[in-house]
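Read through the structure below, which is laid out as structure tokens, and then see the notes.
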Amino acid sequence: MFLIYFLIILIVPIFAQLRVRSAYKKYSKVKTSSHMSGREVARRILDSNGLYDVSIEETRGVLSDHYDPRSKVVRLSSDNYHGHSVAAAAIAAHEVGHAIQDQQEYAFLRFRHALVPVANIGSNFSWILILIGMIAGLSNFVLLGIVFMAAAVLFQFVTLPVEFNASSRAMDEVVGLGIIRNDEERETKKVLNAAALTYVAAAAVAVLELLRLILIYTGMQRSED
């Protein structure tokens with residue numbers, strides 16, 4: 001059972017990463033009919049939604065694209081910032097989707113922001129408490145570690161609707177503004193779906209890990225009885 005568990009938590013994230021990198025590589029070579037760069041796509045969508053105060057910056061790395069709600073900045077990796085591909089348009093539109101969520105105070109996005117400090121504490125301290133509990137045979141420490149980890153798992157789950165909603169908004173915008181043609185919708189969706197798979201994989205692995213720890217805790221409780 002442990003071997004099966006280990007294979008799952010190892011293979012699922014790797015599979016998700018391979019899917020997103022494969023889709024990104026493939027559709028980075030497919031140019032959009034509008035010939036707009038990722039930066040131009042982002043600016044067009046931002047302006048059409050009245051988000052003139054949100055700026056766009058180029059950032060280092062591959063697939064390091066993100067929206068910073070504190071600075072009101074959409075950051076695009078170099079390939080997507082300058083690229084004129086379907087992949088660049090899809091990712092740029094997705095990140096702007098988060099900016100629109102921020103503007104409209106999307107409930108799940110606000111909830112996720114509120115969970116950030118709790119999730120960080122949970123990620124950093126849960127394993128310390130769990131290891132102390134397991135080594136010292138103190139089930140209460142393990143239980144406390146599980147509670148902290150549960151907060152991190154909750155963050156992973158709240159992230160799912162945030163990401164799916166941003167992708168849905170992205171598709172609406174690129175289609176509605178004529179950034180992509182009807183025959184390019186399928187390719188754009190493939191890029192967005194592959195990216196979403198990484199979040200689904202992360203949530204699945206987090207749940208499996210939490211369940212394993214709960215089983216360890218219940219086993220310790222039985223041995224103490």
Side-chain angles (χ1 to χ4, degrees), residues 1-24 59-71 75 77 94-95 98 101-102 106-167 192-225:
M1 288 298 294
F2 177 77
L3 179 60
I4 294 172
Y5 164 80
F6 179 76
L7 287 174
I8 290 173
I9 65 169
L10 182 67
I11 292 173
V12 169
I14 291 175
F15 173 74
Q17 285 295 326
L18 288 175
R19 277 288 302 276
V20 71
R21 289 183 180 278
S22 174
Y24 179 73
T59 189
R60 294 180 179 179
V62 178
L63 295 176
S64 53
D65 314 81
H66 63 280
Y67 168 65
D68 184 347
R70 293 167 299 179
S71 304
R75 296 193 175 97
S77 56
H94 175 88
E95 299 309 330
H98 288 308
Q101 289 174 337
D102 189 23
Y106 180 58
F108 281 107
L109 183 67
R110 291 176 62 116
F111 187 30
R112 187 175 74 167
H113 288 166
L115 284 174
V116 168
V118 180
N120 286 339
I121 292 172
S123 299
N124 294 329
F125 291 102
S126 60
W127 279 109
I128 296 174
L129 293 168
I130 290 166
L131 287 174
I132 291 173
M134 292 175 66
I135 293 170
L138 300 172
S139 60
N140 287 338
F141 271 73
V142 175
L143 178 59
L144 186 58
I146 289 173
V147 171
F148 275 114
M149 180 167 285
V153 173
L154 178 60
F155 178 82
Q156 295 279 6
F157 264 92
V158 173
T159 295
L160 294 179
V162 173
E163 296 299 330
F164 283 121
N165 179 262
S167 290
L192 294 172
N193 290 340
L197 183 62
T198 61
Y199 296 99
V200 174
V205 168
V207 169
L208 283 173
E209 188 63 18
L210 183 62
L211 290 174
R212 186 177 74 90
L213 292 172
I214 291 172
L215 290 174
I216 290 173
Y217 170 74
T218 55
M220 293 178 70
Q221 285 290 93
R222 291 194 195 97
S223 64
E224 290 176 3
D225 292 339

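All residue numbers in this chain count up from 1 along the given sequence.
Side-chain contact between Phe157 and Leu115 is absent, with no heavy atoms from C-beta onward closer than 4.5 Å. With contacts defined as side-chain heavy-atom distances shorter than 4.5 Å, the pair Arg112/Glu163 qualifies. Residues Asn165 and Phe108 fail the side-chain proximity criterion, which asks for heavy atoms closer than 4.5 Å. The shortest distance between side-chain heavy atoms of Phe15 and Leu197 falls below 4.5 Å. Under the 4.5 Å side-chain criterion, counting only non-hydrogen atoms from C-beta, Leu154 is in contact with Phe111.
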Run Val142 and Leu213 through side-chain contact (heavy atoms from CB on, under 4.5 Å) and show every step you take. CA-CA 8 Å; Val142 175; Leu213 292 172; 5.7 Å; no

Checking Val200 against Phe164 for the side-chain contact (heavy atoms from CB on, under 4.5 Å) test, could you report, in this order, the C-alpha distance in whole Å, the side-chain angles of both residues, the deciding distance, and whether it holds? CA-CA 10 Å; Val200 174; Phe164 283 121; 3.8 Å; yes

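To the nearest 0.5 angstrom, Leu129 atom CG is 10.5 Å from Met149 atom CE. Taking CG of Leu215 as the start and CG of Leu210 as the end, the distance is 10.0 Å to the nearest 0.5 Å. In this structure, the separation between CD1 on Ile214 and OG1 on Thr218 is 8.5 Å, given to the nearest 0.5 Å.
Checked against side chain to side chain contact (heavy atoms under 4.5 Å, CB included), Arg75 has the following partners two or more places apart in sequence or in another chain: Glu57, Thr59, His66, Asp68, Ser71, Val73.
By the 30° and 60° cut-offs, the orientation of the rings of His98 relative to His94 is perpendicular.
Residue-environment remark: CZ (Phe141) stays at or below the threshold of 12 foreign heavy atoms within 6.0 Å.
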